[in-house]
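In what follows, a single structure is set out as structure tokens and then discussed.
So you know, we letter chains A, B, ... as the sequences are listed, proteins then strands, and number each from 1. In this text, all values refer to a predicted model and were calculated from it rather than measured experimentally.
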Number of protein chains: 2
Amino acid sequence: MIEIIHLKIIREIDKQKSMTAAAKTLCLTQPALSHSIKKLEQMFNIHIWEKKGRYLEFTPAGQHLLSLANRILPQIEYSEDYLKKYAHGDMGSLRIGMECHPCYQWLLKVISPYLKEWPGIDVDVKQKFKFGGIGALFNYEIDILITPDPLLKAGLCFEPVFNYEQVLVVPHNHPFRSLPYIKASQMASETLISYPVETNRLDIYSMFLTPHNISPKQHKIIESTDIILQMVENGRGVTALPHWFVEENKKRFNIASVRLGKHGIAKKLFIGIRKSDQQIKYLKAFIALSKKISFSFSTK
Amino acid sequence: MIEIIHLKIIREIDKQKSMTAAAKTLCLTQPALSHSIKKLEQMFNIHIWEKKGRYLEFTPAGQHLLSLANRILPQIEYSEDYLKKYAHGDMGSLRIGMECHPCYQWLLKVISPYLKEWPGIDVDVKQKFKFGGIGALFNYEIDILITPDPLLKAGLCFEPVFNYEQVLVVPHNHPFRSLPYIKASQMASETLISYPVETNRLDIYSMFLTPHNISPKQHKIIESTDIILQMVENGRGVTALPHWFVEENKKRFNIASVRLGKHGIAKKLFIGIRKSDQQIKYLKAFIALSKKISFSFSTK
DNA sequence: GAAATAAAATGATATAAATTCATTTATCTA
DNA sequence: TAGATAAATGAATTTATATCATTTTATTTC
């Protein structure tokens, strides 16, 4: 029988590239690992690694087990954590996945009252996923996914929580400022600043520039929203952000917003959860609260 | 530490609703299970179940572990199987998921030469998924998904393998037979026969009837393709199937096909795999073979 | 409502497994 | 080639697990 310890050993040896080192972090001795894996090998009549010089190299069977370990151990470890918290009186934990960079500010506005309403729930926000947000939901890496791209498929369910318009952000003295909207062609002479995401995942490309076959003069990549806004403020380029977000930051930065195209870019934010979690109270409460906060957002 | 055996015990008790019964199937005694779980409870300072009358009832913590067990054990068990086969000289296994009922015939045409080309690979075909085909891919329940609905998201990749037209199948003496195509309204007086799938997943509804707000006179549900075709042959109704499939079965059944709408219903079949599996040779070979077979299909 | 039945919990003992220590084998390095 | 580093092996010890016998608790049944 494959045991958790086997998977832990395999994962750790892959990480450390050495059995002796792995033994140390697992609080065991090197022969313990050696015997343990030997037993597994004999049970299935396979080899898990070969000695390549001083060190070990996984066989295909070993790689298979490594992939199993990387898939399964995080789930076990999360459950162990969860049970510990449960014993401490905490009643659950909410792992939120975000697939929408600038919506972080919106999320903060939801989380703050949520933490007050649900003192027993631990909240964690993740933004990087090996297999994408949908994969993270399926794999139980997160419990809630916030995304503009819902997936209406068996096993998950998505609810719209927030409508907003994606607009172009320009410095206060920019000629675009007085226009009711800009055309795609007008972007050809601008420097566009964005988050480090593939262009086909940026709305300003997929819903505005690409359909008109236009590219900006230059495309700069910056990670932090604050730095992006400072750059815009200083005339170093323009960027695309949610309208409400620009409004919220007009006090901090000398910026203005312009509609993208005659009808603007309308966006919808969704919250996705696993169908099997639909009945969990503190999850339902988060979705309800999101909608409430978003409503006050869009009407102000 | 949570152990595999804990999860097995919890799953088995949930299944059998009795510890004594669970002990029997696990080839252990009842006190063994009791002690084992007691140890886990003490480790985390939780309760996993409560005695309700003679039997046990899971606490929320127990339910959490049950959900973990149902998620993880199938993966472990698959790996154990996989390793056993690996030892026997089999080099891998290919679990195919199908989200397209009538494509089964097409699949058979691909699998047959594949088995000859890759004698070391075990092939299995699954058609029911708790969390949908996409979920099954993410959860490692299957390795390949055959579906008309690709999902262009991180973690998975889809490739088109086959184009075909979905047509209406009618008996040889049906008045539609001589028409170049039929309009949606003409379906209002027909009996439609289909597989037992929600109507919004049937192309004839989603791409033909529903947009024109038409319903057939009657909708009969039948599981087996052969029976459906016999019914059609005998004038009991009409059905929608891939064009190539109708052509293949004209010898066996006295049927004919008619285009659905002026431009017909064009369908594309995709094969989806996990990105992390992209380099696996016997998987790539399956996709390549699918395309090759499909090509000879569409050109004959 | 007492006796019989059924199921799970408990405790002591026996059994089995995992871990360590001491040592060997193999490889690399200076 | 000596010295150092890493993994494998074997025997002994420690630790964990399973069983048996028994008790506790609840449910039938008469």
Inset, instruction - Give a yes or no on whether a salt bridge exists between R95(A) and D143(A), defined as a side-chain N under 4.0 angstrom from a carboxylate O. - result: yes
Inset, instruction - Could you state the atom-to-atom distance from CE of M19(B) to P of dT25(D) in whole Å? - result: 16 Å
Legend entry - Atom-pair distance (NZ on K39(B); P on dA18(D)), nearest Å: 9 Å
Inset, instruction - Would you mind reading off the distance between K17(A) atom NZ and dA7(D) atom C1', rounded to a whole angstrom? - result: 17 Å
Inset, instruction - Starting from P on dA26(D), measure out to NZ on K51(B) and report it in whole angstrom. - result: 7 Å
Inset, instruction - Please state how far atom NZ in K24(A) lies from atom C1' in dT5(D), giving the value in whole angstrom units. - result: 12 Å
Inset, instruction - Report yes if some heavy atom in the side chain of I37(A) is under 4.5 Å from a heavy atom in the side chain of W49(A); otherwise report no. - result: yes
Inset, instruction - Heavy atoms only: give me the nearest L65(A)-L7(A) pair and the separation to one decimal. - result: O-CD2, 3.9 Å
Inset, instruction - Could you check how far CE of M43(B) sits from C1' of dT17(D), rounded to whole Å? - result: 13 Å
Inset, instruction - For DNA chain C, note the earliest and the latest nucleotide, 5' to 3', having some atom under 4.0 Å of a heavy atom belonging to chain B. - result: dT5(C) to dA12(C)
Legend entry - Donor + acceptor pair across side chains of Y104(A), T225(A) (<3.5 Å): no
Inset, instruction - Grab the CD1-P distance between I9(B) and dT17(D) for me, whole Å please. - result: 10 Å
Legend entry - Spacing between E57(A) atom CD and dA6(D) atom C1', to the nearest angstrom: 16 Å
Inset, instruction - Identify the residue among K38(A), K39(A), M43(A) that makes a side chain to side chain contact (heavy atoms under 4.5 Å, CB included) with E41(A). - result: K38(A)
Legend entry - Electrostatic pair E77(A)-R11(A), nearest N-O below 4.0 angstrom: yes
Legend entry - Cation-pi geometry met for R274(A) and F131(B) (6.0 Å, 45°): no
Inset, instruction - Kindly indicate whether the side chain of S290(A), heavy atoms from C-beta on, has any atom under 4.5 Å from the side chain of I271(A). - result: yes
Inset, instruction - Would you kindly say whether Q30(A) and T20(A) are connected by a side-chain donor-acceptor distance under 3.5 Å? - result: no
Inset, instruction - Strictly below 4.0 Å, heavy-atom distances to any atom of DNA chain D: list the hits from residues 28-36 of chain B, or just say none. - result: L28(B), T29(B), P31(B), A32(B), H35(B)
Legend entry - Toward the 5' end of DNA chain C, by each residue's nearest nucleotide, H6(A) or G53(A): H6(A)
